[in-house]
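Have a look at this one before I ask anything.
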Amino acid sequence: MKNVFIIGSKGIPAKYGGFETFVDKLTEKKVSDEIKYHVSCMSHDTSDEFEYNNARCFNVKIKDVGNANAIIYDIQALRMCKKYIEENNLKNCIIYVLACRIGPFLLFYKKQLQKLGIKVFVNPDGHEWKRSKWNYFIRQYWKISERLMIKKADLVVCDSIGIESYIKEEYKKYNPKTIFIAYGADVKENRETNIEKLNAWYNKFNLKNNEYYLIVGRFVPENNYELMIREFMASSSKKDLVIITNVEQNKFYEKLQATTNFKDDNRIKFVGTVYDQELLTNIRENAYGYLHGHEVGGTNPSLLEALATTKLNLLLNVVFNEEVGKDGALYFNKDKGNLAEVIDKADRLTEEEINQLGKKAKNRIVNEYSWESIVEKYEKLFIVD
């Protein structure tokens with residue numbers, strides 16, 4: 001029996017987030033009887049254990065200390081994994097760390113883990129140290145932590161070919177051992193639409209089926225909201241631009257308004273968040289097109305969901321998006337007027353052209369990113385290693 005301890009996600013059952021969904025799917029779709037998963041779950045009020053998807057889930061109780069929450073959580077989870085392995089005399093274990101938050105601390109624990117025969121796998125996620133939400137000092141910490149995580153990891157599991165290339169080049173002096181295993185998504189054909197629920201949502205925001213472009217993602221500058229809003233406003237499209245995000249009346253929102261005056265364009269509609277997954281899927285399926293401006297890196301879950309559900313996808317042409325979308329999408333760059341031109345072109349596509357793009361997009365998911373194939377690759381990795 002191979003015991004695999006997964007830390008770094010907020011835990012399962014998944015309520016939100018890419019890593020949480022990944023762990024949920026990894027445990028839900030487990031096939032091998034040779035693997036036992038142990039999953040850390042963030043908690044503010046209990047340290048109990050429970051079973052979910054036949055995985056042993058252990059709550060890691062932490063106090064709310066702001067930006068340091070995730071680092072403290074990962075450190076405590078790592079300690080709890082080590083203690084459990086020692087107390088139960090487990091051999092040949094793997095601790096799989098999601099994200100590169102605890103590099104300086106892994107440096108301290110690595111020799112202790114080696115003595116216990118524990119291997120450490122790391123998923124570096126994307127370029128967290130580039131995210132504008134962090135101040136200079138936090139970005140510096142992220143970069144240092146990433147370097148130390150890569151240096152001490154027994155294996156680096158990259159969910160993007162672009163990220164794997166970056167790791168090999170940026171840290172070639174450490175000769176890191178890497179493997180590419182993508183994130184996943186599901187394509188469900190002939191899925192029923194909850195018409196009543198969808199129409200109620202449409203009526204709330206004065207929307208019509210197949211008459212809107214859609215953006216779904218975190219409300220942060222590096223997802224290029226300003227670019228997409230400005231270019232959509234410059235386009236001749238008669239459709240709406242629906243933005244599903246955790247928008248609040250914050251500085252970024254006010255800056256966007258100041259630079260684009262989007263409130264003067266009644267096509268631009270911020271509609272808040274949608275946590276009902278059935279409704280969100282129906283919204284995706286019935287959109288005319290999807291805009292994706294993420295550029296920080298990694299295989300983005302919202303992009304996979306878009307390719308699995310929306311026929312027409314317009315993606316920022318960075319390597320992380322192109323490797324996923326291939327010929328199943330249209331691409332835009334940051335040049336002034338380029339996206340507006342792509343949108344106008346998209347509006348003129350025939351139904352047959354849109355259907356062909358949708359078919360190619362779904363084939364990308366089925367052939368390269370299905371959860372079944374992703375889980376199979378992970379199980380082979382954990383058992384063989």
Side-chain angles (χ1 to χ4, degrees), residues 1-14 18-42 48-60 73-102 105-106 109-125 149-159 164 167 176-184 369-385:
M1 178 68 70
K2 182 65 69 74
N3 287 276
V4 179
F5 296 76
I6 303 176
I7 70 175
S9 79
K10 291 182 176 66
I12 52 177
F19 276 145
E20 290 71 35
T21 300
F22 159 69
V23 179
D24 207 319
K25 294 293 184 180
L26 185 67
T27 54
E28 174 196 344
K29 297 181 180 293
K30 183 172 81 76
V31 175
S32 175
D33 292 328
E34 299 178 50
I35 298 173
K36 177 64 178 180
Y37 288 116
H38 307 255
V39 180
S40 68
C41 303
M42 183 181 288
D48 294 339
E49 293 185 7
F50 61 96
E51 285 277 323
Y52 180 76
N53 287 344
N54 292 316
R56 169 184 162 265
C57 302
F58 58 100
N59 283 315
V60 180
Y73 166 59
D74 284 0
I75 296 169
Q76 291 186 201
L78 182 63
R79 289 173 178 167
M80 290 173 69
C81 291
K82 175 177 174 289
K83 181 180 179 182
Y84 185 89
I85 292 168
E86 287 179 307
E87 291 179 346
N88 292 276
N89 196 30
L90 301 180
K91 304 297 181 184
N92 197 25
C93 299
I94 295 171
I95 296 179
Y96 187 21
V97 187
L98 306 177
C100 291
R101 287 183 284 258
I102 55 171
F105 306 93
L106 182 60
Y109 281 104
K110 190 62 170 64
K111 287 186 178 180
Q112 300 175 41
L113 299 175
Q114 280 181 320
K115 288 181 181 179
L116 294 170
I118 302 169
K119 290 188 176 180
V120 177
F121 293 2
V122 171
N123 187 316
D125 199 14
M149 294 285 282
I150 302 305
K151 180 179 180 180
K152 289 301 178 180
D154 295 293
L155 179 67
V156 182
V157 184
C158 305
D159 64 14
E164 184 179 28
I167 293 295
K177 181 182 178 184
T178 66
I179 188 172
F180 164 63
I181 304 180
Y183 191 82
Y369 297 97
S370 73
W371 278 119
E372 286 73 18
S373 67
I374 302 305
V375 169
E376 181 182 356
K377 290 175 183 178
Y378 266 104
E379 292 192 357
K380 182 178 179 181
L381 171 65
F382 291 147
I383 292 171
V384 171
D385 190 86

Answer with yes or no whether the side chains of Tyr378 and Tyr96 bring together a donor and an acceptor at under 3.5 Å.
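Present: a donor and an acceptor within the cut-off.
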
Lys10 backbone acceptor or donor facing Glu20 side chain under 3.5 Å:
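Side chain of Glu20 to backbone of Lys10, a donor-acceptor pair under 3.5 Å: yes, one is there.
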
I would like to know whether Tyr37 and Phe5 meet side chain to side chain contact (heavy atoms under 4.5 Å, CB included); could you show each step before the answer?
CA-CA 6 Å; Tyr37 288 116; Phe5 296 76; over 6 Å; no

Please identify which of these residues, Ile12, Val4, Asn53, meets the side-chain contact (heavy atoms from CB on, under 4.5 Å) condition with Val39.
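Among Ile12, Val4, Asn53, the one that satisfies the side-chain contact (heavy atoms from CB on, under 4.5 Å) with Val39 is Ile12.
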
Donor-acceptor pairs under 3.5 Å, side chain of residues 176-183 to any protein atom, not counting sequence neighbours: which ones?
residue: Thr178; atom: OG1; partner: Glu164; partner atom: OE2; Å: 2.8
residue: Tyr183; atom: OH; partner: Gly18; partner atom: O; Å: 2.9

Can you confirm whether Asn88 is buried at CG, in the sense that more than 12 heavy atoms of other residues, nucleotides or ligands lie under 6.0 Å from that atom?
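More than 12 within 6.0 Å, yes.
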
On the ring face of Tyr84, is Arg56 found with NZ or CZ under 6.0 Å from the centre and within 45° of the axis?
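Yes, Arg56 sits over the ring of Tyr84.
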
Side-chain donor-acceptor pair under 3.5 Å between Arg101 and Tyr73, yes or no?
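Looking only at side-chain atoms, Tyr73 and Arg101 do not form any donor-acceptor pair under 3.5 Å.
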
Crowded around Glu28 CD? As in, over 12 foreign heavy atoms under 6.0 Å?
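Enclosed: over 12 neighbouring heavy atoms sit under 6.0 Å from CD of Glu28.
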
With distance as the sole test, does Lys83 use its side chain to make a donor-acceptor pair with the main-chain N or O of Ile85 at under 3.5 Å?
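The answer is no, because no donor-acceptor pair under 3.5 Å joins these two groups.
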
Would the distance check show the side chain of Asn123 and the main-chain N or O of Asp125 forming a donor-acceptor pair, the cut-off being under 3.5 Å?
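Such a contact is found between Asn123 side chain and Asp125 backbone.
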
Glu379 (side chain) donor-acceptor with Val31 (main chain) under 3.5 angstrom:
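Judged by distance alone, yes, a pair lies under 3.5 Å.
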
For the residue pair His38 and Ile6, establish whether any side-chain heavy-atom pair is separated by less than 4.5 Å.
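No, too far: nothing below the 4.5 Å cut-off.
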
Checking the side chain of Asp24 only, and the main-chain atoms of Ala14 only, is there a donor and an acceptor separated by less than 3.5 Å?
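Such a contact is found between Asp24 side chain and Ala14 backbone.
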
Atom pair CG/CD of Leu116 and Glu86 - distance to nearest 0.5 Å
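Reported to 0.5 Å precision, the distance equals 5.0 Å.
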
Kindly indicate, with the supporting measurements, whether the criterion side chain to side chain contact (heavy atoms under 4.5 Å, CB included) is fulfilled by Leu78 and Ile95.
CA-CA 8 Å; Leu78 182 63; Ile95 296 179; 3.8 Å; yes

